[in-house]
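Take a look at the structure set out below.
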Amino acid sequence: MASFKIWNTATVGGNVCRAFAAGAMIAFLSTLDATALVWTPDGGERRIAVAELIVDNAVTSLAPGEVLRALDIPAAALTSRVALQKIALAELGRSGAVVTARVDPDGSSVFVVTAAVRRPRVLRFVRIPGAGELRDAVASATDFYTDPLGSADWRRGVSVVLAERLRAGFARESHEGAA
């Protein structure tokens with residue numbers, strides 16, 4: 001899932017703390033509702049959702065002197081179905097949009113948009129959403145951005161398409177499982 005540029009050289013925590021919009025571990029951990037255990041300079045600690053730890057592209061909510069100590073994934077999230085869709089303008093280029101999704105055993109779902117937006121956008125639904133509901137939720141993010149790897153409009157458009165691919169696949173699986 002991650003770029004060849006970091007294979008065998010980067011840590012999961014380092015990927016999270018760099019807070020790049022296209023950080024592979026940020027997408028993965030946000031989708032699984034992971035929390036970060038942060039040690040504070042006064043000897044205390046705090047917990048924060050990974051998706052909330054990232055506040056902007058390359059910016060975290062870590063205060064001076066704070067250290068990311070651990071990343072915890074709830075066991076329940078590991079029993080869910082998960083999927084990923086991504087796109088880049090170049091075969092080995094940085095992702096322009098990444099959408100990940102999870103459907104829990106109770107039928108609730110989570111869709112996460114990263115790479116195309118400045119911080120993870122976590123969208124929660126009590127069931128697998130309809131196409132229009134998901135499209136509107138994804139497209140409503142206000143922080144799609146433009147850089148040399150893609151325009152904000154392109155990122156918004158492909159994020160909607162990628163999310164729909166995931167939604168349709170999960171809906172098909174649920175329908176087949178019910179039959």
Side-chain angles (χ1 to χ4, degrees), residues 1-3 6-7 10-63 66-86 95 97-130 133-134 137-138 140-141 143 159 162-178:
M1 182 169 124
S3 168
I6 64 167
W7 293 346
T11 66
V12 172
N15 188 258
V16 170
C17 288
R18 290 293 288 162
F20 289 146
M25 293 297 102
I26 294 167
F28 170 68
L29 293 166
S30 294
T31 304
L32 294 176
D33 287 336
T35 57
L37 173 62
V38 177
W39 282 351
T40 60
D42 62 2
E45 61 184 37
R46 66 182 176 102
R47 291 192 177 274
I48 184 170
V50 169
E52 294 173 13
L53 182 70
I54 312 306
V55 295
D56 200 350
N57 194 13
V59 180
T60 69
S61 66
L62 292 172
E66 289 188 329
V67 175
L68 174 63
R69 172 62 180 111
L71 296 158
D72 296 311
I73 300 171
L78 298 176
T79 66
S80 303
R81 293 179 294 151
V82 295
L84 168 136
Q85 290 276 311
K86 68 179 187 169
S95 295
V98 175
V99 180
T100 51
R102 182 182 94 226
V103 176
D104 294 332
D106 68 1
S108 62
S109 62
V110 177
F111 289 77
V112 179
V113 179
T114 56
V117 289
R118 302 188 69 79
R119 59 181 305 274
R121 292 297 171 209
V122 179
L123 308 168
R124 296 182 187 283
F125 303 91
V126 296
R127 57 173 169 47
I128 298 171
E133 181 182 11
L134 181 59
V138 170
S140 70
D143 61 343
S159 294
L162 298 176
E164 173 53 22
R165 288 180 183 169
L166 294 172
R167 187 207 67 79
F170 282 134
R172 201 171 29 257
E173 288 175 11
S174 292
H175 179 69
E176 291 168 359

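No experiment lies behind these values; they were computed from the predicted model shown.
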CA sep, side-chain torsions, deciding dist, call: R118, D56, salt bridge (Lys or Arg N to Asp or Glu O under 4.0 Å): CA-CA 5 Å; R118 302 188 69 79; D56 200 350; 2.7 Å; yes

Tell me, do [X] and [Y] make a side-chain contact under 4.5 Å, heavy atoms counted?
| X | Y | answer |
| --- | --- | --- |
| S80 | V103 | no |
| I73 | L29 | yes |
| L68 | L71 | yes |
| P74 | L32 | no |
| V55 | T60 | no |
| L166 | V99 | yes |
| M25 | V50 | no |
| P41 | E66 | yes |

Salt bridge (Lys or Arg N to Asp or Glu O under 4.0 Å) against E52, all qualifying residues, sequence neighbours excluded: none

Presence of salt bridge, R124 and D33, under 4.0 angstrom: yes

Electrostatic pair R47-D72, nearest N-O below 4.0 angstrom: yes

The single option from V138, L134, T100, V122 passing side-chain contact (heavy atoms from CB on, under 4.5 Å) against F111: L134

Residue pair R167, E133: steps toward the salt bridge (Lys or Arg N to Asp or Glu O under 4.0 Å) verdict: CA-CA 11 Å; R167 187 207 67 79; E133 181 182 11; over 6 Å; no

Under the side chain to side chain contact (heavy atoms under 4.5 Å, CB included) test, residues paired with R69 that sit two or more places apart: L37, W39

